[in-house]
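All ligand and atom numbering here is 1-based and tracks the order in the structure.
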Amino acid sequence: MNAANEEIVLLKDGLRVDGRKPEELRPIEMKVGVLKRADGSAYVAYGETKVIAAVYGPRELHPRHLQNPEKAVVRCRYDMVPFSVKQRKRPGPDRRSIEISKVTKEALEPAIFLENFPKAAIDIFVEIIQADASTRVAGITAASLALADAGIPMRDLVAAVTTGKIDNTVVLDISGPEDQYGVADMPVAMMPRLERITLLQMDGKLSISEFKQALELAKEGIKKIYEKQKEALRRRCEIDDTP
Ligand code: ADP
């Protein structure tokens, strides 16, 4: 129920508000190497959620007392630009963006060979240019591509998606109205080849069997997103190969 107490129909005849089936992703776009100044960059869209990620480094970390002699330090900033939502978002960090910056960093770190770069910093910037839910997972997918584009050695890419429950149905890739009026949402990030989950959060309530179903659906979605990531990286290499 929304504030006006009208009933919002999120599923009609088995289809969602945007016409998708429960297990369907939104149209996904990916492009690697979109910024000239960054060492690595990527653009990712999950439907109307649009993100740019930029990576700088590995580079010497200043101030030096923050350096780790054993491995690189990852710093991550997630941010939504003021025009990313209908009502202008106040610029600058808030509790939500600080939390998402932290979980994004933690979702990506296990994939990076940090020990190859002692005393260095790897800086990851995620800018949400248009938000229609699932921004943290689109940001993680984009940041992982930007890390690969920067040539940073990784164990695997990280791909991410949100599953959740609307009405009585578990669905893949939550959009804006589903996030707002749905029962639960569950962002998941994973290194698909290694089958290692690096982020799992939940907002709302799921039964154990719904949770298992949501996790399986997330894994299937992540596999599809992973294939698109690899395609986007291949396209980037083809462009680089042209004389
Ligand atoms: P995620 O974007 O990862 O799903 P949340 O669940 O916190 O993270 O946010 C869900 C959605 O709510 C966002 O994707 C965005 O569409 C909307 N939203 C978040 N913050 C704001 C804001 N300050 N103003 C308007 N909409 C917002």
Whether E178 side chain and I166 backbone form a donor-acceptor pair below 3.5 Å: no
Under 4.0 Å from ligand 1, counting heavy atoms only, is it the side chain of A131, its backbone, both or neither? both
Between K224 and K228, is there a side-chain heavy-atom distance shorter than 4.5 Å? no
Would a distance-only check, ignoring hydrogens and angles, find a side-chain to backbone donor-acceptor pair under 3.5 Å from D203 to D185? no
Donor-acceptor check, side chain of S41 to backbone of V34, threshold 3.5 angstrom: yes or no? yes
Backbone of I140 reached by a side-chain donor or acceptor of S144 within 3.5 Å: no
I'd like to check whether R136 has a polar contact with ligand 1, where a contact means an N/O of the residue lying under 3.5 Å from an N/O of the ligand. yes
Is_contact(atom 15 (C) of ligand 1), protein non-hydrogen, under 4.0 Å: yes
For atom 23 (N) of ligand 1, grab the closest protein heavy atom and report residue, atom and distance to one decimal in Å. K89 CG, 3.9 Å
Between R155 and P110 (side chain of the first, backbone of the second, donor and acceptor by atom type, cut-off under 3.5 Å), is there such a pair? yes
Less than 3.5 Å between some nitrogen or oxygen of T135 and one of ligand 1, yes or no? yes
Identify which of I140, D203, D179 has a heavy atom lying nearest to atom 11 (C) of ligand 1. D179
Distance from atom 26 (N) of ligand 1 to nearest protein heavy atom, with residue and atom: V85 CG1, 3.3 Å
Option whose closest heavy atom lies nearest to atom 13 (C) of ligand 1, chosen from M80, Q180, R96: R96
Please verify whether a non-hydrogen atom of A133 lies at under 4.0 Å from ligand 1. yes
Please confirm whether the backbone N or O of I122 pairs with a side-chain atom of R75, one donor and one acceptor, at under 3.5 Å? no
Contact check, S134 vs ligand 1, heavy-atom distance below 4.0 Å: yes
